[in-house]
Amino acid sequence: MKSNHPRYLTHFSKIFLVATSLTIFSPLVSAHADPGVSPKVTPTQILADESLSSEADNLPEPIKVAVLQDISQRTGIEIANLRVIQAQQQSWSNTCLGLTVEDSSCTQAEVPGWQVIVLNDQQVWVYRTDESGAVAKFDQDATQFVNAMIQGQETASRQTTSRTVEQRTTTVQRNTQVVASNSSIKGKKTGFSLAILQPVGNFSDVIARVSFKAKRHQGFLPERFLGDYKYKLNRKAKFTKGLKAGDRVVVRLYDIQNRFLGYSEFELSSAHTAVNLILSENPTEYQVVRTVCGVDADQDGTIDANTTTYDYFTQVSNERVTFLSSSQTINVSQFQTESFSTVATTSVYPTSFSTGKFALMRQTMNVFSYNLAEALKVEPGRLVEFNEVGDDDNSIYDIGQMMMTYREIGVGNGIQVKFADVADNHWAKDFISELAALQIIQGFPDGNFRPDQQLTRAQFAAMLTQAFTKAKVRNAISFRDVSTRYWAYNAIRDTYAMGFLGVSGNTFKPSQSLSRSEVLLALAQGLNYSFSGSTQTILAVYRDAASIRSDVRNAIAALTERGIVVNYPNVQTLNPDKVATRAEVTALIYKTLVSTGEVVDISSQYAIDSIQQRAEVDKFNQTDNDDDDDDDDDDDDDDKKVRRHCNQGIGNGSEGCDPGNSRPHGNSNDENGRTPGRPR
C-alpha cells in the first residue's frame, strides 16, 4: 500500500510499531481476551521498528466494507478518508470473537476470522471479524491502547533529540532482554485524575471515599479501600501507581455531615484516565451522579481528543444504586458544565460495563453489602483521617502507598492479611500480606502463616495457579504419584500444562521440597523469561555466583535483570541450593507479578533492584571499555570490579543494608505521592 500523504506515512510507520506491540502488552490491553495479534511478530522486530507483513491486500471486500461502514457510522468520518493498514487472519476463542467470554451467549468454539486495523490521519481503530464479515466487532480496549501508545510516542519524539544508530542498537538489545519488565512499568503508570464538579448549587465541600476492585483472572477481587478524600468542589486530585488496566475504581460521595450523596464506578484504561463526577443542584435529595471519563494519555486532567468519552448516570435510592442506560429520566440541565454541556440520550459505557458477566448498565445493587471491608462500612473520618485535597489541583496520591497503609482495615471481610507468626518487622511481611490480600495465599487454621516452613512442589503448584493465568503450552498428563483424589491434583496438572514445573518421567513428587534455584527456574520457564546477554556480568551481583548450576544460570540472569530476585538474609548471596521457605517463595512470586504489571512494587532491602542492577552492568561494561582503551594502566585492574550493593527501601519494617560492600541508595518510597491519612 502506498500513499503520497506525508502525514499519513509518518502516522502509518508508527502503527506497525505500536499495533504489533499489543502482543507484548496484551495483559494490559483487555480484561477479557488476548488482542489476537499474530504471535509470529517478535519483540526484536517491534523494538527495531521493522516493517511487518500484512495481509491487508488480501482482506475480503465484505469484511473491509463492514469495518469501514461501522467506523463511519460511529464517527461520521467518510469512508474515503479511512484506510485499512493491517489485516491478519486470526482464530478467535469463542463466537463473541474473544471479546466477551464471560457472557453466557458466547459459545466456546474456535471461530476463524480477521483482525483489522484502520487508520486516518489522526486515529486508529482495531476490529475483530468472523470469516465472512457478517460479524464485525470494535475492539475498544485494543484501540485505546494503540492510540495512547501512539500519542505517547509522538510526545516523546518531541521531547528527545535524534540518537545515533549505535545508541538505537544498544537500546533495542536491552529492551529485547527486559520486554516483560516494560509491561510492569506500563502497569504501574496506570492511574487516574478525579474531579468533583457541581455546575449549580451551594455545596462547598464533599468527601470522596475511594476504593477499587482489582481485575484478577476472569473476575474481580473484593473491593479494597483507598482512603477518604475531602474535596473543595470543582477541584481535582491525581492518583498514581498501583492499579492496572481493567481495574474498576469505586467512589462513594458524602457531604461534610457524612450524609451519603451518590455512587459511581469507572474502569481504568491502559493509559491514564481522566474522571469527572458531576453532582446535582441538591445532592442530598436528588442523589444522581453523572460520570464523564476517558483516556488522558498526557495526564493533563482532560479527556484526549479523538478518543471515546464515557458518559453515564448513576442514581441512588435507599442505599441501592442503579446504573442508568439513558438520561431520559434525568433533569440533565443540572449536570451540564462548560466542558460537558452535551448530555447524550443513550449512556455511553465501557464495553465491560454494558456486556458480559460483570456488566453494570441497567443493574441495581446494594452499595453497602455485608462483605465490604471494615473501612468501607463506617462513617468517613471514624477509622482514618481525611486526606485533604489542595486548592491548586496539584494533589497527588500514591495508590500503592494507600493500599499498604490501609491494608488491615481495607480488604474485604474475611480476608486474613495479618498472621500471628509474622511480626511487623519480618523481612517478608508486606509480600506475605499483599499476596494474602490478593487471595493467592492464605494461612493455617491456627492463624499462623509458618513463613520459615519448607515448601513442597504441590504447595508451590497451588500458589502458581492462583497467581498466574496463562495459555497452556503442553498437554496435562497423569502422574503416577498424584491420584485424582489428591488435594492439589488440578493445580499440579494446570501448573505443568502452563509450563511452570518440569518433571522426570511420569512422577511429580508432590511432597518433595524445592531449592531456591528450582523455584527461580520454574518462574522463568513458566513466563518464558530469557536472557541473551552476558550471564557472567549480570550474575556478578551475587557473591556465590560460582555455585549457580550452568542449567539455571540464564534463567536466574533473566529474573535478576527484571528485579525479581529476593535474597534473605544477605541480598548479595543467592543460596541457589538452599531449600526454599514459604516466605521466600511468597516474595519471589510477588516480585514476578510486579514484572508482569499485575501488582505495585514493594520496596525491600533484600531485593535485587532491576534499575540498580542495570547501572552496575553499565559500570561493568564501562570498566571493560576502559581496560581496552588504556592497556598501560595495569595497576588499576584490581580495583575495576563490580561494586555490589543492597537495596534500601521502606515498607518492611527495617532500614539500612547488610554489612560488607553494601551501600544504601534509596530515599522514601513516597516519590511525590502524598502520605495518606493515618488510621486512627
Side-chain angles (χ1 to χ4, degrees), residues 194 196-198 201 203 205-214 219-231 233 247-267 275-293 310-332 334-335 347 349-350 352-354 357-384 386-387 406 409-415 680:
L194 176 63
I196 302 177
L197 314 175
Q198 188 185 33
F203 264 49
D205 296 90
V206 68
I207 298 165
R209 169 164 285 175
V210 181
S211 57
F212 80 105
K213 303 173 184 177
F220 292 91
L221 294 179
E223 197 175 334
R224 186 166 177 177
F225 177 69
L226 291 178
D228 291 329
Y229 301 84
K230 191 173 183 180
Y231 271 78
L233 281 180
D247 288 346
R248 293 183 177 181
V249 177
V250 178
V251 181
R252 293 173 175 82
L253 296 173
Y254 298 81
D255 65 13
I256 57 176
Q257 286 79 39
N258 288 333
R259 291 177 294 186
F260 182 54
L261 302 178
Y263 178 102
S264 181
E265 287 190 31
F266 54 90
E267 182 180 84
V275 184
N276 302 272
L277 302 184
I278 306 175
L279 300 176
S280 68
E281 181 177 358
N282 187 357
T284 57
E285 294 184 7
Y286 194 38
Q287 295 179 303
V288 174
V289 176
R290 180 186 179 189
T291 302
V292 183
C293 59
Y310 303 107
D311 193 344
Y312 50 91
F313 289 87
T314 50
Q315 185 165 20
V316 168
S317 177
N318 296 323
E319 297 188 350
R320 294 181 66 81
V321 62
T322 301
F323 289 77
L324 304 179
S325 59
S326 74
S327 61
Q328 292 180 341
T329 61
I330 299 300
N331 182 0
V332 296
Q334 295 190 34
F335 301 93
S347 295
Y349 285 93
S352 67
F353 275 39
S354 57
K357 182 179 179 180
F358 301 102
L360 293 176
M361 187 173 68
R362 302 191 187 94
Q363 299 297 312
T364 299
M365 63 184 188
N366 191 335
V367 298
F368 296 103
S369 60
Y370 74 94
N371 61 346
L372 284 178
E374 181 183 5
L376 292 172
K377 293 189 288 188
V378 302
E379 292 181 349
R382 176 178 294 184
L383 283 183
V384 301
F386 290 121
N387 296 290
Y406 301 130
I409 60 172
V411 298
N413 184 33
I415 299 176
R680 293 186 182 277

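Residue numbers count from 1 along this sequence.
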Run the side-chain contact (heavy atoms from CB on, under 4.5 Å) test on Tyr229 and Val210 for me, step by step, so that the C-alpha distance in whole Å, both residues' side-chain angles and the decisive distance to 0.1 Å come before the verdict.
CA-CA 8 Å; Tyr229 301 84; Val210 181; 3.7 Å; yes
Show the numbers, then the answer: is there a side-chain contact (heavy atoms from CB on, under 4.5 Å) between Glu267 and Phe353?
CA-CA 8 Å; Glu267 182 180 84; Phe353 275 39; 3.9 Å; yes
Checking side-chain contact (heavy atoms from CB on, under 4.5 Å) for the pair Leu226/Tyr406: CA distance, chi angles, key distance, verdict?
CA-CA 7 Å; Leu226 291 178; Tyr406 301 130; 5.6 Å; no
Which is it for Ser352 and Arg248 under the side-chain contact (heavy atoms from CB on, under 4.5 Å) test, yes or no, and what are the steps along the way?
CA-CA 10 Å; Ser352 67; Arg248 293 183 177 181; 3.5 Å; yes
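A distance-only check finds a donor-acceptor pair linking the side chain of Gln198 to the backbone of Ser280 [under 3.5 Å].
With rounding to the nearest 0.5 Å, the separation of CG in Leu277 from OG1 in Thr314 is 8.0 Å. Between Phe358 atom CZ and Gln363 atom CD the span is 12.5 Å, to the nearest 0.5 Å. In this structure, the separation between CD1 on Ile256 and NZ on Lys230 is 6.0 Å, given to the nearest 0.5 Å. Atoms OH and NZ, from Tyr370 and Lys377 in turn, are 10.0 Å apart once rounded to the nearest 0.5 Å. Atom CG of residue Asn413 and atom CG of residue Leu376 lie 11.0 Å apart, to the nearest 0.5 angstrom. Put simply, CZ on Arg209 and CZ on Phe386 are 8.5 Å apart, with the number rounded to the nearest 0.5 Å.
Residues satisfying the side chain to side chain donor-acceptor pair (under 3.5 Å) test with Ser264, not counting sequence neighbours, are Thr291. The side-chain contact (heavy atoms from CB on, under 4.5 Å) test applied to Thr284 returns Phe203, Asp255, Arg259, Leu261, Asn282, not counting sequence neighbours. In this structure, the side-chain contact (heavy atoms from CB on, under 4.5 Å) partners of Arg320, at least two apart in sequence or on a different chain, are Thr364, Asn366. Residues satisfying the side chain to side chain donor-acceptor pair (under 3.5 Å) test with Gln334, not counting sequence neighbours, are none. For Asn331, the side chain to side chain donor-acceptor pair (under 3.5 Å) partners are Ser333, not counting sequence neighbours. Legend: residues meeting side chain to side chain donor-acceptor pair (under 3.5 Å) with Tyr310, ordered by chain and number and at least two apart, are Gln140, Gln144.
Using a 4.5 Å heavy-atom threshold, the side chains of Leu372 and Val367 count as separate. Annotation: side chain of Arg252 is in contact with side chain of Ser211 (closest heavy-atom distance under 4.5 Å). Counting only heavy atoms from C-beta outward, the side chains of Phe266 and Asn276 never approach each other to under 4.5 Å. In this structure, the side chains of Phe335 and Val288 come closer than 4.5 Å at one or more pairs of heavy atoms. At least one side-chain heavy atom of Val384 sits less than 4.5 Å from a side-chain heavy atom of Ile409. Using a 4.5 Å heavy-atom threshold, the side chains of Phe323 and Met365 count as touching. When side chains are defined from C-beta on, Pro283 does not count as touching Leu253, because their heavy atoms never get closer than 4.5 Å. Looking only at side-chain heavy atoms (C-beta outward), Arg290 and Leu197 stay at 4.5 Å or farther from each other.
Classification of the Phe368-Phe260 ring pair by plane angle, with boundaries at 30° and 60°, yields perpendicular.
Lys213 and Val250 make their closest contact through CE-CG2, 3.9 Å (heavy atoms, listed as atom of the first residue, atom of the second, distance). Contact record, Ser347 with Phe313: OG-N, 4.3 Å, taken as the closest heavy-atom pair. Closest approach of Pro380 to Asp228, counting heavy atoms only: CA-OD2, 3.5 Å. Minimum heavy-atom separation, Pro222 to Gly412: CB-CA, 4.2 Å. Between Gly262 and Val316, the shortest heavy-atom distance links the atoms CA-CG2, 4.0 Å. Here the closest non-hydrogen pair linking Val251 and Ala208 is CG1-CB, 4.0 Å.
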